[in-house]
Amino acid sequence: MGNVISFQKAKKKKEKKFNQNKKKSKTVTEKSTTGYPVVLNPLKEDSSINMDYAEMKPEDKIEYWKNIEKEEEERFKEKYKDVLAAVPVNAGARMQYFAKVMLHLLPNVFHGSSWDARFDTCMDFCQFYITEFDSAYSDYIKVNKEFERPYQYKFQGMAAEKLEEELKGCLEKLVALYPEKTDADKTAMMYHAARLFELQDLLSDLFCMEVMKE
């Protein structure tokens, strides 16, 4: 049946899983003997980081990943500056706004023209969830805590086709709700947000497993 746990406990579990996935990505890079795998290479031709990872000292590798994260954050903000400039103030509206954005990205996550395109879109999808939707979700719960109902987090993997279907349905439901009008919709908003929390975790795992096979 799965464990019935609060959002805050689930969030801590997610943060732990996210850090584990980052470590897996680093491990794949370190195991590479012919340079960076294309799917993992976050460096562009004009990147300021051009050292040979295999020859770096441990402290340099730490700095390397910090720079990677910084460059990726800057790339994301530049790529989606128009989207990020039009974000609503209200927490519920922000959740729905970013649900629409992720819904738009979803087809290319699973059916992009190439593996690289799919991977890049997946990273953008997850970035929108982690940095934008999740923040709005946290703010929404603070105001509507009394309407929250426990969600049975299972974190059980599923086939890509099924995961795409579940993500699409979850995002569509979030977009269709009226989170500021009825108590029932407030409860449903948090339920489907919790569902998205779980599904996004499964998506990260799916791509991580594909990367580790490379």
Side-chain angles (χ1 to χ4, degrees), residues 5-85 87 94 98 101-102 105 108-109 112 114-139 153 155 157 160 163 196-214:
I5 56 180
S6 69
F7 167 73
Q8 290 300 330
K9 288 183 178 179
K11 187 172 183 179
K12 290 180 180 179
K13 180 173 182 176
K14 173 64 183 177
E15 290 171 348
K16 181 179 180 181
K17 176 69 72 64
F18 180 69
N19 289 331
Q20 289 173 341
N21 286 348
K22 286 173 64 177
K23 289 180 180 179
K24 288 179 182 178
S25 295
K26 294 179 185 180
T27 299
V28 172
T29 303
E30 290 171 346
K31 288 182 178 179
S32 173
T33 58
T34 57
Y36 305 100
V38 174
V39 298
L40 270 183
N41 184 6
L43 306 181
K44 308 302 180 184
E45 291 182 359
D46 59 349
S47 172
S48 62
I49 310 169
N50 54 18
M51 293 180 64
D52 186 342
Y53 186 86
E55 297 179 0
M56 288 183 187
K57 297 178 181 179
E59 58 269 25
D60 291 330
K61 290 181 178 180
I62 293 174
E63 186 64 22
Y64 165 85
W65 285 103
K66 288 181 179 179
N67 289 333
I68 289 291
E69 292 176 358
K70 181 179 179 180
E71 288 196 0
E72 281 301 287
E73 180 179 346
E74 292 174 351
R75 177 202 64 80
F76 179 84
K77 289 181 178 179
E78 177 61 26
K79 182 177 180 180
Y80 294 104
K81 60 183 179 182
D82 292 339
V83 174
L84 296 172
V87 180
R94 279 159 52 207
F98 288 112
V101 172
M102 289 185 283
L105 293 175
N108 284 332
V109 172
S114 66
W115 161 255
D116 285 356
R118 288 181 57 227
F119 184 84
D120 287 345
T121 307
C122 179
M123 293 300 98
D124 290 347
F125 183 100
C126 293
Q127 186 76 0
F128 271 117
Y129 178 84
I130 294 168
T131 62
E132 305 298 340
F133 184 93
D134 187 54
S135 175
Y137 182 17
S138 296
D139 290 344
Y153 290 98
F155 296 101
L163 182 56
L196 181 60
F197 177 89
E198 180 177 35
L199 292 172
Q200 192 273 154
D201 184 85
L202 298 180
L203 180 66
S204 297
D205 282 350
L206 177 67
F207 272 81
C208 186
M209 286 188 290
E210 290 189 25
V211 168
M212 294 298 284
K213 291 178 181 178
E214 291 291 319

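Below, each value reflects all heavy atoms present in this structure, side chains not excepted, and no hydrogens, waters or symmetry copies. Keep in mind that what you see is a predicted model, and the values were worked out from it rather than measured.
With values rounded to the nearest 0.5 angstrom, Asp139 atom CG is found 10.0 Å from Asp134 atom CG. Here the straight-line distance linking atom CG of Leu202 with atom SG of Cys208 works out to 12.5 Å at 0.5 Å rounding. Summarising the geometry, atom CD belonging to Glu78 is positioned 10.5 Å from atom CG belonging to Leu84; distances are rounded to the nearest 0.5 Å. Rounding to the nearest 0.5 Å places CG of Asp124 at 8.5 Å from CD of Glu72. In this structure, CZ on Phe98 lies 13.0 Å from CG on Leu196, to the nearest 0.5 angstrom. With rounding to the nearest 0.5 Å, the separation of CG in Leu163 from CD in Gln200 is 10.0 Å.
The nearest pair of heavy atoms linking Phe207 to Val109 is CZ-O, 3.4 Å. Pairing each heavy atom of Cys126 with each of Leu203, the nearest pair is SG-CD2, 4.5 Å. Here the closest heavy-atom approach between residue Arg118 and residue Gly112 is recorded as CG-N, 3.4 Å.
The side chain to side chain donor-acceptor pair (under 3.5 Å) check on Lys66 picks up nothing, with sequence neighbours excluded. Checked against side chain to side chain contact (heavy atoms under 4.5 Å, CB included), Gln127 has the following partners two or more places apart in sequence or in another chain: Phe76, Thr131.
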Working note: Val101 + Glu132, criterion side-chain contact (heavy atoms from CB on, under 4.5 Å); need CA distance, chi angles, decisive distance, verdict. CA-CA 11 Å; Val101 172; Glu132 305 298 340; over 6 Å; no
Residues Tyr137, Phe197; criterion ring pair (Phe, Tyr, Trp, His ring centres under 6.0 Å); working and verdict: CA-CA 10 Å; Tyr137 182 17; Phe197 177 89; 7.1 Å; no
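Remark: Arg75 does not engage Glu71 in a salt bridge, criterion side-chain N to carboxylate O under 4.0 Å.
Around the NZ atom of Lys77, the shell of radius 6.0 Å holds no more than 12 heavy atoms that belong to other residues, nucleotides or ligands.
In this structure, Phe133 and Tyr129 have parallel ring planes: the angle between them is below the 30° cut-off, well short of the 60° mark.
Side-chain N/O atoms of Asp201 and Tyr153 include no donor and acceptor closer than 3.5 Å.
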